[in-house]
Student: 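Sharing a structure, written as structure tokens. Questions coming.
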Amino acid sequence: MNDTSFLLVGHGSRNREGNQEILHFAAQWRERHPEWRIEVCFIEHAEVLLNEGLDRAARNARRVIALPFILNAAGHVKMELPAALNAARLRHPGVHFDCMRHLGMGREIFAVLKGQLDGLMKQLDMPDPRTTGVILLGRGSSDTGANGELAKMARWLLEDGDHDLVDLAFTSITWPRLETVVQRQVRLGMKQICIIPVYLFTGVLIERIKAQLARLQSQYPEMAFALGTHFGFDAGIFDLLDARAAGYELAEGGLLECDGCKYRLAAEETHLHDHSHTQDRSEGHAHTHLHPTHA
């Protein structure tokens, strides 16, 4: 491990507290593995963006392992991260760059969501699950595959428990939105509703969810609502990241879904974005994010 760097790649948030939480997570992860070299960067809305993060991780290293600290693989993970890795390989020809898969929606995340639901049911004093609706609330993406991964979690929760209704809603970009799904569940006879935000850390959208719930509580005073929270510090997240870093999935290949794909390369001109304008310049530093013309 002495010549290997792990690069934790967060999405980045306009809410500085959200980015700070990822830095706190990284500090706790270092405590679990004091012998590891762990760097952190963000895709947007932060001081250290992808290019600089990859350069920092490459210093005095022979191998860099990027770990997308993101739940669902949409454009950032499928397009921008592979392109940034390609550019880093050109800048550091003596360093081997690998990228593990994003956290994804598998059994580990399902266990975390199930724990969230159990906690919300206790908060409601254990009502009848048949009359308790469940809403998984995701960020939302223009990538249908990423939205479908969240739909899989909703189906697993439905089949694993006794709730008659487990629905899906999104905070932005795609539909349905939270208000629409709450209206549906009320019409179908639910007496209380558990809302589970599928977010690792806080941010602008978490604050939006709280404001939306406050309005819903005033619109439906007869309903009992229980709202979960972001879960990035759950022990299951640390365990899942440990598994990624240990390379347990290397038998499936270390590439992302779109790393090396000819269709991704053809689509870069349309879908890659320059995020340098989202960089946090509060410290007076300037960092340039990868643009297609730099690759």
Side-chain angles (χ1 to χ4, degrees), residues 11 70-78 102-121 123-124 127-217 219-220 223-232 234 236-237 240 257:
H11 183 281
I70 294 173
L71 289 171
N72 289 311
H76 288 315
V77 172
K78 292 181 177 179
H102 61 289
L103 297 183
M105 290 287 161
R107 291 293 173 185
E108 301 89 349
I109 297 298
F110 174 69
V112 173
L113 297 178
K114 187 70 166 54
Q116 285 267 316
L117 178 55
D118 291 344
L120 294 179
M121 290 295 286
Q123 183 178 325
L124 291 170
D128 184 351
R130 304 296 296 272
T131 61
T132 305
V134 179
I135 301 175
L136 281 189
L137 183 57
R139 175 187 179 90
S141 171
S142 57
D143 185 291
T144 57
N147 297 332
E149 283 292 289
L150 192 59
K152 179 177 72 175
M153 292 294 96
R155 184 66 193 181
W156 285 8
L157 282 176
L158 179 68
E159 295 195 4
D160 184 76
D162 298 317
H163 296 268
D164 279 357
L165 288 180
V166 179
D167 285 323
L168 193 60
F170 299 96
T171 310
S172 64
I173 301 177
T174 191
W175 314 94
R177 299 295 167 80
L178 179 60
E179 182 181 12
T180 301
V181 179
V182 168
Q183 289 174 348
R184 173 179 180 268
Q185 293 203 351
V186 171
R187 289 198 302 267
L188 291 175
M190 296 298 103
K191 302 303 182 184
Q192 48 274 321
I193 297 176
C194 298
I195 301 171
I196 307 174
V198 188
Y199 285 80
L200 288 173
F201 298 104
T202 192
V204 172
L205 296 182
I206 291 293
E207 296 306 313
R208 182 183 300 176
I209 291 166
K210 294 177 182 177
Q212 290 174 343
L213 180 61
R215 287 193 295 273
L216 288 167
Q217 287 174 323
Q219 292 171 16
Y220 301 99
M223 295 291 295
F225 292 92
L227 176 64
T229 185
H230 50 285
F231 48 78
D234 189 284
I237 303 299
L240 176 55
E257 290 92 335

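Each residue takes its place number in the sequence, starting with 1.
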Student: Which heavy atom of Cys194 sits nearest to which heavy atom of Met121, and what is that distance?
Tutor: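 Scanning both residues, the minimum pair turns out to be SG-SD, 3.9 Å.
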Student: Over all heavy atoms of both residues, which pair between Gly140 and Ile173 is shortest? Give the atoms and the distance, please.
Tutor: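 Between these two residues, the closest heavy atoms are O-CD1, 3.4 Å.
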Student: With sequence neighbours left out, write down each residue that passes ring-ring contact (aromatic ring centres under 6.0 Å, His included) with Phe110, or none if nothing qualifies.
Tutor: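 Checked Phe110 against ring-ring contact (aromatic ring centres under 6.0 Å, His included); matches are Trp156.
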Student: Mind checking the CZ-CG spacing from Phe231 to Leu71? Nearest 0.5 Å is all I need.
Tutor: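 Here the interatomic distance stands at 5.0 Å.
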Student: Quick one: pull up CG in Leu178 and CG in Leu213 and give me the separation to the nearest 0.5 Å.
Tutor: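 Leu178 CG to Leu213 CG: 7.5 Å, rounded to 0.5 Å.
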Student: Quick one: side chain to side chain donor-acceptor pair (under 3.5 Å) partners of His230, sequence neighbours excluded?
Tutor: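 Partners of His230 under the side chain to side chain donor-acceptor pair (under 3.5 Å) test: Glu21.
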Student: Among residues at least two apart in sequence or on other chains, which ones pass side chain to side chain contact (heavy atoms under 4.5 Å, CB included) with Ala169?
Tutor: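 Expected list: Ile135, Leu137, Val181.
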Student: Just to verify, what does Leu158 make a side chain to side chain contact (heavy atoms under 4.5 Å, CB included) with, not counting sequence neighbours?
Tutor: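 Applying side chain to side chain contact (heavy atoms under 4.5 Å, CB included) to Leu158 gives Arg155, Val166.
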Student: Nearest 0.5 angstrom please: Ile70 CD1 to Leu200 CG, how far?
Tutor: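 Interatomic distance, Ile70 CD1 to Leu200 CG, rounded to 0.5 Å: 9.0 Å.
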Student: How long is the gap from CD on Gln116 to CG on Leu227, to the nearest 0.5 Å?
Tutor: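 Reported to 0.5 Å precision, the distance equals 9.0 Å.
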Student: What residues form a side chain to side chain donor-acceptor pair (under 3.5 Å) with Thr131, not counting sequence neighbours?
Tutor: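 Counting only residues at least two positions away or on another chain, Thr131 forms a side chain to side chain donor-acceptor pair (under 3.5 Å) with Gln192.
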Student: So do Ile237 and Ile109 actually touch side chain to side chain, heavy atoms under 4.5 Å?
Tutor: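 Ile109 reaches Ile237 side chain to side chain.
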Student: Quick test of your reading: applying salt bridge (Lys or Arg N to Asp or Glu O under 4.0 Å), list the pairs with at least one residue in residues 129-140, sequence neighbours left out, ordered by first then second residue.
Tutor: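 Sorted pair list: Arg130-Asp164.
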Student: Tell me every residue that passes side chain to side chain donor-acceptor pair (under 3.5 Å) with Asn147, counting only those two or more places apart in sequence or in another chain.
Tutor: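 With sequence neighbours excluded, Asn147 shows a side chain to side chain donor-acceptor pair (under 3.5 Å) to no residue whatsoever.
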Student: Quick one: salt bridge (charged side-chain N to carboxylate O under 4.0 Å, His left out) partners of Asp234, sequence neighbours excluded?
Tutor: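 Expected list: none.
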Student: Using the side-chain contact (heavy atoms from CB on, under 4.5 Å) rule, pick out the option among Thr132, Val134, Leu136 that qualifies with Leu117.
Tutor: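 The passing option is Val134.
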Student: Heavy atoms only: give me the nearest Ala73-His102 pair and the separation to one decimal.
Tutor: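 For Ala73 versus His102, the nearest heavy atoms are CB-CE1, 3.3 Å.
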Student: Nearest 0.5 Å, please: how far is CG in Asn72 from CG in Leu150?
Tutor: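 Spacing of CG (Leu150) from CG (Asn72) equals 6.5 Å.
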Student: Any side-chain heavy atom of Leu205 sitting closer than 4.5 Å to one from Ser172?
Tutor: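 Leu205 vs Ser172: side chains touch.
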Student: Of the non-hydrogen atoms in Pro197 and Ile209, which two are nearest, and what is the gap between them?
Tutor: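 Heavy-atom minimum between the residues: CB-CD1, 4.2 Å.
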Student: Filter on side chain to side chain donor-acceptor pair (under 3.5 Å), then keep only pairs touching residues 193-216, sequence neighbours left out; what's left?
Tutor: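 Checked against side chain to side chain donor-acceptor pair (under 3.5 Å) - neighbours excluded - the pairs reaching residues 193-216 are Thr171-Tyr199.
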Student: Report the residues that fulfil ring-ring contact (aromatic ring centres under 6.0 Å, His included) with Phe201, sequence neighbours left out, ordered by chain and then residue number.
Tutor: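 Phe201: ring-ring contact (aromatic ring centres under 6.0 Å, His included) contacts with Phe69, Phe233.
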Student: Can you list every pair that meets side chain to side chain donor-acceptor pair (under 3.5 Å) and has a residue in residues 178-191, with sequence neighbours left out?
Tutor: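 Qualifying pairs: Asp167-Arg184, Asp167-Gln185.
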Student: Taking side chain as C-beta onward, heavy atoms only, is Met223 less than 4.5 Å from Val182?
Tutor: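 No, too far: nothing below the 4.5 Å cut-off.
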Student: Please identify each residue that fulfils salt bridge (charged side-chain N to carboxylate O under 4.0 Å, His left out) with Asp160, with sequence neighbours left out.
Tutor: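 Asp160 satisfies salt bridge (charged side-chain N to carboxylate O under 4.0 Å, His left out) with Lys114 only.
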Student: At their closest point, which heavy atom of Pro129 faces which heavy atom of Asp162, and how far apart are they?
Tutor: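 Looking at all heavy atoms of both residues, the closest pair is CG-CB, 3.8 Å.
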